[in-house]
2 protein chains.
Amino acid sequence: MKNKQSYFQNYVSVDCVVLGYDEVENRLQALLIKQKNPHKQNVDSFKSQYALPGDLIKEDESLDDAAIRVLNELTHIKGLYLQQFFTFGHPERVADPKDAEWLKGYRKDPNARVITIAYLALVRIDHINPQAGSFAENTIWRSIKKIPKLAFDHNVILNKALEIIKEHPEHHIMGRELLPPKFTLSQLQNLYEAMSNVQLDKRNFRKSIKTADYLIPLDEKQTGVLHKPAQFFSFKKAKK
Amino acid sequence: MKNKQSYFQNYVSVDCVVLGYDEVENRLQALLIKQKNPHKQNVDSFKSQYALPGDLIKEDESLDDAAIRVLNELTHIKGLYLQQFFTFGHPERVADPKDAEWLKGYRKDPNARVITIAYLALVRIDHINPQAGSFAENTIWRSIKKIPKLAFDHNVILNKALEIIKEHPEHHIMGRELLPPKFTLSQLQNLYEAMSNVQLDKRNFRKSIKTADYLIPLDEKQTGVLHKPAQFFSFKKAKK
DNA sequence: AATAGTAATTGTACAAATTACAATAAGTAT
DNA sequence: ATACTTATTGTAATTTGTACAATTACTATT
């Protein structure tokens, strides 16, 4: 076996950035899990951290399938459109002392490097109902403007995801069901603003999205509102 | 170790899409390696294939460092700006029978799944001088319009890279030294056209790149050409 | 019935960018 | 002086982007 390479093997994980759009508050929230204490008795030294839902992949599943499975195991969420956006593989990315105890509790090789493929999903926050599972003690939504210190390099991962949607909100809106099937132009504008973190002029926003051509105006109005009722619109179906 | 996960480990590689801009022919070429026969005696059954330069990563190097090292080992190229663009991890991506023999020759676990992080670099083709090394029998440049059948899923990887530069040629031109330090506007236009595969109008191209603001006009002209000599330009240094 | 409150809807003037299109200029070679 | 080659430049029409405020349609209150 002289000419055969004896490179080592790696732990590979997926991490999911799930961003929930909260229409009422007009903000994006990130779905986080709280790490479960791995010790049977309470061990005071264990400090639970918040983290992105993520775990090691299995042998016979694709990366996309792994992301779906892992998210489901930790949060019982199903049916999201998860899209790979970057891979993080720094040798020290899980070597911070703050993460050592959790790793000791849950991993055979707590000191091993882990390479992670990060996934992104966007969803209406009232459309899913996360329920903690596996090593998630519980799940929480946190506004993207108030993200706490997370386990591992998960703050870096989350920030990269936020940069990506900020650059091209329109790519991440179409076909993602971030709004009800029938929505007003103000709802759509609010969504754009939450994703890009930029305020837009009403008139100019309406002009521009009407020249782009994804909307179908409906013969329906709001009812029971304390002001002029807005017209409803829906998205055209993507072609493909 | 009851509550500890016993997930398997993975082979992880990097693959490099190196695109060389050939100014004379005005085309992009991809750098490929020809796989070396792993057998000491010639074995007729071994069919060498072309492949992207790529190999397994090592334990203590970052993914970016691995890409640099692997490219160097296989082609002796140094100093390229390699950028991660996608990770390919389908369980069957190295399971095609056409690849079995090479894997048997070079890998301890020829049947093992390999997850690969793909990198992209753009370079002037006359700026580097690839020299085969390691398991590369030799290296060749092939026009991106005439790519042969490659090993593994490397055609898919290469196509994904081409899509990416096509979408935003301008992102991949600045600071990449794809032109000589002093170049004419026709040279720059040719480069854009080769990257986007679209023909542009001279007057409009010049107008648009002058409103964008990366060029410094120089007090220098071509000499010895059979026509009106063109003015030279250079790129402004990126800020950062 | 009149009024107040609220958010929806719409237009215009200006600037900037995009598109389509062809004549002239500055070299070299004969 | 002429022919050849590529570089360079302008203009009109159109589209897109930007800044800015009055009117409309509904509900609730008086």
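Here is the naming used below: chain letters follow the sequence lines, and residue numbers restart at 1 for every chain.
When the C1' atom of D:dT8 is taken as reference, atom CG of B:Leu188 falls 16 Å away, rounded to whole Å. Residue B:Arg203 contributes atom CZ, which lies 16 Å from atom P of D:dA13 at whole-angstrom precision. With rounding to whole Å, B:Phe205 atom CZ is found 12 Å from D:dT8 atom P. Taking atom CD on A:Gln222 and atom C1' on C:dT6, their separation rounds to 12 Å, with Å as the unit. As a whole-Å value, the separation of B:Lys228 NZ from C:dA25 C1' is 4 Å. For the pair B:Ile209 CD1 and D:dT8 C1', the computed distance is 13 Å after rounding to whole Å. Nucleotide D:dT8 holds its P atom 12 Å from the CG atom of B:Leu215, rounded to whole Å. If you take CG of B:Asp201 and C1' of C:dA17, they are 15 Å apart, rounded to a whole angstrom.
Look at A:Lys202 and you'll find a side-chain N or O under 4.0 angstrom from OP1 or OP2 of C:dA8. At least one side-chain nitrogen or oxygen of A:Arg206 sits closer than 4.0 Å to the OP1 or OP2 atom of C:dT9. Listed pair B:Lys207 / C:dT18 fails the phosphate criterion, with no side-chain N or O lying under 4.0 Å from OP1 or OP2.
The aromatic rings of A:His168 and A:His171 sit parallel to each other, their planes meeting at less than 30°, with 60° as the upper class boundary.
Among the heavy atoms of the strands lying under 4.0 Å from A:Ser186 are primed sugar atoms or P, OP1, OP2 only; no base atom is included.
For the pair A:Lys160 and A:Phe86, the cation-pi test (distance below 6.0 Å, angle within 45°) is passed. Because its NZ or CZ atom is not both nearer than 6.0 Å to the ring centre of B:Tyr21 and within 45° of the ring axis, B:Arg27 does not count as a cation-pi partner of that residue.
Which of D:dT27, C:dA8, C:dA26 sits closest to the side chain of A:Ala230 comes down to C:dA8. Distance from the side chain of B:His227 is smallest to C:dG27 among C:dG27, D:dA19, D:dA21. Checking C:dG27, C:dA29, D:dC26 against the side-chain heavy atoms of B:Leu226 singles out C:dA29 as nearest. The side chain of A:Gln231 lies closest to C:dT9, out of D:dT9, C:dT9, C:dA26.
Between B:Asn204 and A:Gly224, it is B:Asn204 whose nearest contact on DNA chain D lies nearer the 5' terminus. Both A:Leu185 and B:Ser208 lie near DNA chain C, and the one whose nearest nucleotide falls closer to the 5' end is A:Leu185.
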Please list every donor-acceptor pair under 3.5 Å in which a side-chain atom of residues 188-195 of chain A meets a protein atom from a residue at least two apart or in another chain.
residue: A:Gln189; atom: NE2; partner: A:Glu193; partner atom: OE2; Å: 3.1
residue: A:Gln189; atom: NE2; partner: A:Leu200; partner atom: O; Å: 3.0
residue: A:Asn190; atom: ND2; partner: A:Ser186; partner atom: O; Å: 3.3
residue: A:Tyr192; atom: OH; partner: A:Tyr214; partner atom: OH; Å: 3.3
residue: A:Glu193; atom: OE2; partner: A:Leu200; partner atom: N; Å: 2.9

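The pair B:Arg124-B:Glu177 does not meet the salt-bridge criterion, since no charged nitrogen lies less than 4.0 angstrom from a carboxylate oxygen.
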